[in-house]
Amino acid sequence: MPISRFLFFSSKRSSTQQALNLLKRCGPSKRIQSCNYTKSSGGFSNGKTRAHSVTSVETQASRSWAVYAVPAALLGFAGLATLVHYNDERRAIPKGQGNKSSGNTVKGPTIGGPFTLVDTENRIVTEQNFHGKWVLLYFGYTSSPDVGPEQVQIMAKAVKLLESKYNSEILPVFVTIDPQRDNPSQLRAYLNEFDSRIIGLTGPVSAIRQMAQEYRIYFKKVEEEGDDYLVDSSHNMYLMNPRIEVARCFGVEYNAEELSEAILKAMISTPT
């Protein structure tokens, strides 16, 4: 072979080899670039493989973060709840155990308070008129069809039993919760049927409502037909000590004998 042709083929083969080497060196950079476009072009398999591997790593990272984040959030919430409960326990004061140095004590709900009403003789009566006396206080109304008269009868009998059997005096007081119909004359006629010693009190609607709130008395008009209606109420009866404080509260479950015994027991146990 002539030398000139040999040199030509040698140079051509060398150029081809160099071109292949150049393509090999440039190949990775092109494949890397194709990863950025696999979602839109979908052309290069190498690009797809690399894109999926990146997505898999990101998914695993997200799952790993969730695995640790949820327990951490639960622990944080439990810690916060424990802290709040601890602070509440520190602030809470057991009933009857206040700061003795400052004289603050925790007591039950306050029942009772000042009032200004009128009796069956249209005389003004306040809580001070009962100071120094034991008082049996009942809230009712003269138009009550059943429970009211029964409770007034029990109150009158209990007062008589305390006086005759135990030689103890107590003042019965009836406060109407229907002042619109129970004027002084109506009260006097109604209470004389049970015991003339029962003191009847009435007054303005606002004064009756205020006293009912102070003594935790519930009442509400029901079945209204013009001027005729009934009054639903709690029928509470209170025993007041000589300091005008509520000593006991009685419901409708007591008969006259049980009521008189419970009153006597409260009177004996109350320091004078």
Report the C-alpha separation of L264 and L162 in whole Å, then their side-chain angles, then the decisive distance to 0.1 Å, and conclude whether the side chain to side chain contact (heavy atoms under 4.5 Å, CB included) test is met. CA-CA 7 Å; L264 180 64; L162 285 168; 4.0 Å; yes
Could you work out the complete set of other residues in the hydrophobic cluster of V252, with links drawn between I, L, V, M, F, W and Y side chains under 4.5 Å apart? V147
So if you build clusters from Ile, Leu, Val, Met, Phe, Trp, Tyr with side-chain heavy-atom gaps below 4.5 Å, do M267 and M155 land together? yes
In chain order, what residues pass the ring pair (Phe, Tyr, Trp, His ring centres under 6.0 Å) check against F130, with sequence neighbours excluded? none
Qualifying residues under salt bridge (Lys or Arg N to Asp or Glu O under 4.0 Å), relative to E214, sequence neighbours excluded: none
Distance-only, no hydrogens or angles: does the E258 side chain make a donor-acceptor pair with backbone N or O of N255 under 3.5 Å? yes
Does S234 have any side-chain hydrogen bond (donor to acceptor under 3.5 Å, both in side chains) partners at least two apart in sequence or in another chain, and if so, which? none
Expected output: side-chain T270 to main-chain A266 donor-acceptor under 3.5 Å: yes
Any side-chain hydrogen bond (donor to acceptor under 3.5 Å, both in side chains) involving residues 155-169? Give me the pairs, sequence neighbours left out, ordered by first then second residue. E163-R197
Shared ILVMFWY cluster between L239 and I268, side chains joined below 4.5 angstrom? yes
Mind checking whether Q151 and M237 have side chains closer than 4.5 Å, heavy atoms only? yes
How about P172 and Y138: do any of their side-chain heavy atoms sit closer than 4.5 Å? no
What heavy-atom pair brings R216 and N236 nearest, and what distance separates the two atoms? O-ND2, 3.8 Å
Can you tell me which residue pairs pass the salt bridge (charged side-chain N to carboxylate O under 4.0 Å, His left out) test with a partner in residues 113-122, sequence neighbours excluded? D119-R123, E121-R188
The criterion is side-chain hydrogen bond (donor to acceptor under 3.5 Å, both in side chains); which residues satisfy it with T176, sequence neighbours excluded? D182
Report yes if the side chains of L259 and F250 come closer than 4.5 Å at any heavy-atom pair, otherwise no. yes
Quick check for you: to the nearest 0.5 Å, what is the distance between S144 atom OG and I177 atom CD1? 8.0 Å
Taking only residues two or more places apart in sequence, or in another chain, which ones meet E193 in a side chain to side chain contact (heavy atoms under 4.5 Å, CB included)? none
Testing the basics here: between V152 and L191, what is the closest heavy-atom pair and its distance to 0.1 Å? CG1-CD2, 4.5 Å
Closest heavy-atom pair and its distance - N129, I124: OD1-O, 4.2 Å
Before giving the answer on side chain to side chain contact (heavy atoms under 4.5 Å, CB included), spell out for Q180 and K221 the whole-Å C-alpha distance, their side-chain angles and the decisive distance to 0.1 Å. CA-CA 12 Å; Q180 294 172 318; K221 289 183 180 180; 2.5 Å; yes
Candidate pair L137 and M211, rule side chain to side chain contact (heavy atoms under 4.5 Å, CB included), full reasoning: CA-CA 12 Å; L137 184 65; M211 187 175 182; 4.2 Å; yes
Heavy-atom closest contact (A158 atom, S260 atom, distance): O-CB, 3.9 Å
L161 and I198: same hydrophobic cluster, using ILVMFWY side-chain contacts below 4.5 Å? no
Kindly write out the residues that satisfy ring pair (Phe, Tyr, Trp, His ring centres under 6.0 Å) with F115, not counting sequence neighbours, or none if the list is empty. none
Minimum-distance pair of heavy atoms, taken over all atoms of V231 and Y141: N-OH, 3.0 Å
Looking at residues at least two apart in the chain, or sitting in another chain, which of them share a salt bridge (Lys or Arg N to Asp or Glu O under 4.0 Å) with E257? none
Nearest 0.5 angstrom please: T116 OG1 to Q128 CD, how far? 10.0 Å
F139: which residues meet the ring pair (Phe, Tyr, Trp, His ring centres under 6.0 Å) condition with it, sequence neighbours left out? Y215
Rounded to the nearest 0.5 Å, the CD1 atom of I208 sits from the CD atom of Q213 at a distance of 12.0 Å
Minimum side-chain heavy-atom gap L171-I199 below 4.5 Å: yes
Under 4.5 Å between any side-chain heavy atoms of N241 and W134, yes or no? yes
Going through the distances and angles, do Y238 and L136 end up as a side chain to side chain contact (heavy atoms under 4.5 Å, CB included)? CA-CA 6 Å; Y238 292 106; L136 188 59; over 6 Å; no
Check whether more than 12 heavy atoms from other residues, nucleotides or ligands sit under 6.0 Å from atom NZ of K265, and answer yes or no. no
For F219, ring pair (Phe, Tyr, Trp, His ring centres under 6.0 Å) partners two or more places apart: none
Out of curiosity, does V135 fall in the hydrophobic cluster containing V175 (side-chain heavy atoms, cut-off under 4.5 Å, transitive links)? yes
Just wondering, do N183 and T202 contact through their side chains at under 4.5 Å, heavy atoms? no
Decide whether M240 and I217 are clustered together by the hydrophobic rule: side chain heavy atoms of Ile, Leu, Val, Met, Phe, Trp, Tyr closer than 4.5 Å, transitively. yes
Looking at every heavy atom in both A262 and Y254, which two are closest together, and how far apart are they? CB-CE2, 4.2 Å
Taking the side chain as everything from C-beta on, heavy atoms only, tell me whether I170 gets closer than 4.5 Å to I263. yes
Non-hydrogen side-chain atoms of T142 and L187 separated by less than 4.5 Å: yes
